[in-house]
Number of protein chains: 2
Amino acid sequence: MVTGQRGRPRSFDRDAALDKAMLTFWEHGYEATSISDLTRTLGIGAPSLYAAFGDKRKLFDEVVVVYGSRYGDFAAVALREEPTAGAAIGRILREAAEIYTDPAHPPGCMVISAAANTTSQEVAEALRERRNANLALFESRIRADVASGVLPADTDARALARYAGAVLQGMSQQSRDGATREELEAVAERALLAWPA
Amino acid sequence: MVTGQRGRPRSFDRDAALDKAMLTFWEHGYEATSISDLTRTLGIGAPSLYAAFGDKRKLFDEVVVVYGSRYGDFAAVALREEPTAGAAIGRILREAAEIYTDPAHPPGCMVISAAANTTSQEVAEALRERRNANLALFESRIRADVASGVLPADTDARALARYAGAVLQGMSQQSRDGATREELEAVAERALLAWPA
DNA sequence: CAGATTCCCTAGTGACCGCTATAGAATCGT
DNA sequence: ACGATTCTATAGCGGTCACTAGGGAATCTG
């Protein structure tokens, strides 16, 4: 009774489909990716897509979660693993240069680019909150370094976090405009020269 | 015969309409701005809009020109007027903090944000070329300073230009995410600390 | 005034959007 | 085997997209 599922089994791999959907949304953004784009790319019919994922919005929500766990975590990991905020931000910027230009997926950061100019305010707001949450992570890590004396007492943690975020977002945009990994690495190194003693 | 125009005169101010169209495209982007958005905002019917501007694409092209001459020129002006590349970039970043957050118009830079995620590759390409042209302006001004000895001989002009562009684009994105003028000014000052001696 | 010219308004074009009703195909439990 | 269940495929829903045909309205020239 409670054993295996009944009825006709799904004819496609849900996780693989989610991956393909992620790459499509990543490249073209939320709004510019149509359901027929997705059904063509995933190789399934529209009803199958809706049965498996609900609707376009819910599918994108799942995509954002997968993206975060696979490509968006590197910042949080660095903040956790590195001994200082400066070391973490340095690692984040250098890794961003690599990730944003990895030919295995579309350039840049999906959270930064996928909901620019969408008529769906909800989706735009969701990604904006994710970006601002990252800024808050930066800020609290910097604040911890100020409290422990690693950074000068008069450091403006909020402004420094915003600076790091701005450079990251700029690097994402530049990668979408064709910047290479080496060029972004040079940007990262230059940006790090502004880090407080 | 060649005197004044014949026929019924246009019932709206073409330049004022272009201004309103600019603000709408600036806020929502190219694709997310529909013709009916525009006819509602401009207070004219669709046929009038098409008679005056051709089509959506041509209207946007005109908007980009107007935008460039009114808000996009500040970078080129600074590069021309300031004695060094460093002074120019400093002025550009500080002015960007003000312009990007001016409540008289939508936040950020239209050339950076208006064609993210559009299905119209032509429009996206046109704005990308504009951004890259700005980068080239930065680069050549920096190169001039290197040649004249104002900047060290081993300065990587291209990388430095990309750094300035990345910070600018990051500031634009941050302003769209709600950063205030003061916060962007702090970002600009921080960014300038990385400028070579 | 009349006729030519130009613009505006109503109403609609075909195409695509996100999404789904319906019916057939494939697998379950019994 | 057989019904219940779950998926897939066709076909199409109403709505919005960018865009325009057609006729009346307003201004010109003469």
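Just the heavy atoms: all of them, side chains too, but no hydrogens, waters or symmetry mates, feed the values below. The structure presented is a predicted model; accordingly, all values stated were derived computationally and were not measured. Residue numbers start from 1 in every chain, and the chains themselves are labelled A, B, ... in the order their sequence lines are given, proteins ahead of strands.
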**Prompt:** For DNA chain C, whose closest nucleotide is more 5', that of B:G7 or that of B:S48?
**Reply:**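 Taking each residue's closest nucleotide, the earlier one in sequence belongs to B:G7.
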
**Selection: residues 50-63 of chain B, any non-hydrogen atom under 4.0 Å of DNA chain D** =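 Only B:Y50, B:D55, B:K56 qualify.
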
In this structure, how many angstroms lie between the [atom2] atom of [N] and the [atom1] atom of [X], rounded?
X: B:F12; N: C:dT6; atom1: CZ; atom2: C1'; value: 13 Å
X: A:R6; N: C:dC28; atom1: CZ; atom2: C1'; value: 6 Å
X: B:D13; N: C:dC8; atom1: CG; atom2: P; value: 12 Å
X: A:R10; N: C:dA26; atom1: CZ; atom2: P; value: 17 Å

**Message:** Regarding C:dA25, can its base be found pairing with the side chain of A:R8 as donor and acceptor, where the two atoms are less than 3.5 Å apart?
**Reply:**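 Looking at the base of C:dA25, it does pair with a donor or acceptor on the side chain of A:R8 (distance under 3.5 Å).
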
**Prompt:** Which residues in residues 21-42 of chain B have at least one heavy atom lying under 4.0 Å from any atom of DNA chain C?
**Reply:**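 By residue number: none to list.
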
**Asked** Just wondering, do B:V64 and B:M110 contact through their side chains at under 4.5 Å, heavy atoms?
**Response**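 Contact flag for B:M110/B:V64 side chains = yes.
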
**Message:** Quick one, A:E31 and B:E31 - any side-chain contact, counting heavy atoms below 4.5 Å?
**Reply:**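 A:E31 vs B:E31: side chains apart.
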
**Item:** For A:E125, side-chain hydrogen bond (donor to acceptor under 3.5 Å, both in side chains) partners two or more places apart
**Value:**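 With neighbours one apart ignored, the set is A:R128.
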
**Request:** Spell out, yes or no, whether A:L59 and A:I35 are grouped together once hydrophobic residues are joined by side-chain heavy atoms under 4.5 Å, including indirect joins.
**Result:**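 A:L59 clusters together with A:I35.
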
**Prompt:** Under 6.0 Å from the six-membered ring centre of B:F12 and within 45° of its axis: does the NZ or CZ of B:R14 meet both?
**Reply:**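 No - B:R14 does not lie over the ring of B:F12 by the 6.0 Å and 45° rule.
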
**Message:** Is the terminal nitrogen or CZ of A:K56 (NZ for Lys, CZ for Arg) located under 6.0 angstrom from the six-membered ring centre of A:F25 and within 45° of that ring's axis?
**Reply:**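 No cation-pi geometry.
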
**Message:** Quick check on C:dC8: is either OP1 or OP2 less than 4.0 Å from any side-chain nitrogen or oxygen of B:S11?
**Reply:**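 It does, given that an N or O in the side chain of B:S11 lies less than 4.0 Å from OP1 or OP2 of C:dC8.
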
**Message:** Listing request: all ring-ring contact (aromatic ring centres under 6.0 Å, His included) pairs with a residue in residues 143-168 of chain A, at least two apart in sequence or in separate chains.
**Reply:**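 Residue pairs passing ring-ring contact (aromatic ring centres under 6.0 Å, His included), neighbours aside: none found.
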
**Message:** Going by salt bridge (charged side-chain N to carboxylate O under 4.0 Å, His left out), name the pairs with one or both residues in residues 19-30 of chain B, residues two or more places apart or in two chains.
**Reply:**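 Qualifying pairs, neighbours excluded: B:D19-B:R70.
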
**Message:** Taking any heavy-atom pair under 4.0 Å as a contact, classify B:P47: base, sugar-phosphate, or nothing.
**Reply:**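 Base contact.
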
**Partners passing ring pair (Phe, Tyr, Trp, His ring centres under 6.0 Å) against A:Y67 (at least two apart in sequence or in another chain)** =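 A:Y67 satisfies ring pair (Phe, Tyr, Trp, His ring centres under 6.0 Å) with A:W26, A:Y71 only.
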
